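Sequence positions, counted from 1, serve as the residue numbers for this chain. Bear in mind the structure is a predicted one, so any value in this text is a computation, not a measurement.
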Amino acid sequence: MKRIEWLIAIILVVIGLSCLTMSATSMMKPESIRDYLSILLKICLWSGIPILIAGIVYMVVKKKKRE
């Protein structure tokens with residue numbers, strides 16, 4: 001994929017996570033931006049962990065394949 005395609009994909013993921021967080025926060029305390037940012041950070045961390053693990057596994061497999 002080209003860089004612009006990666007950029008578009010990342011922007012769409014961020015928009016989706018933002019919408020998910022907004023709907024979750026609006027059910028609890030719609031007036032609190034602190035809760036919104038807290039939930040957004042938690043969602044980003046939980047979605048980032050599998051990406052990090054997959055990246056590490058990919059690098060290990062690629063390194064073993066090269067040897």
Side-chain angles (χ1 to χ4, degrees):
M1 286 175 53
K2 296 179 183 177
R3 287 183 192 217
I4 189 71
E5 293 170 345
W6 279 107
L7 181 65
I8 292 171
I10 290 170
I11 289 172
L12 289 174
V13 169
V14 169
I15 290 171
L17 287 175
S18 175
C19 291
L20 174 71
T21 306
M22 186 63 73
S23 66
T25 306
S26 68
M27 291 190 303
M28 292 184 273
K29 298 177 189 174
E31 66 277 351
S32 176
I33 191 71
R34 181 173 286 165
D35 290 331
Y36 170 76
L37 293 175
S38 171
I39 293 173
L40 179 63
L41 180 65
K42 288 177 187 176
I43 289 174
C44 288
L45 287 175
W46 279 109
S47 63
I49 290 172
I51 293 170
L52 180 66
I53 292 171
I56 291 171
V57 168
Y58 173 76
M59 296 300 278
V60 168
V61 168
K62 187 176 177 181
K63 187 175 182 179
K64 284 188 177 186
K65 205 174 204 181
R66 195 181 315 155
E67 293 176 356

For residues 43-52, please give each side-chain donor-acceptor pair under 3.5 Å, one per line with the distance, not counting sequence neighbours.
| residue | atom | partner | partner atom | Å |
| --- | --- | --- | --- | --- |
| Ser47 | OG | Ile43 | O | 3.1 |
| Ser47 | OG | Cys44 | O | 3.1 |

Can you list, pair by pair, the side-chain donor-acceptor contacts under 3.5 Å of residues 3-10, counting residues two or more places apart and other chains?
| residue | atom | partner | partner atom | Å |
| --- | --- | --- | --- | --- |
| Glu5 | OE1 | Lys2 | N | 3.1 |

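Both Met22 and Leu37 belong to a single network of hydrophobic side chains, linked directly or stepwise wherever heavy atoms of I, L, V, M, F, W or Y lie under 4.5 Å apart. Transitive grouping of hydrophobic side chains (ILVMFWY, heavy atoms separated by less than 4.5 Å) keeps Leu17 and Leu41 in distinct clusters.
Under a 4.5 Å side-chain heavy-atom criterion applied to ILVMFWY residues, the cluster that includes Met59 comprises Tyr58 as well.
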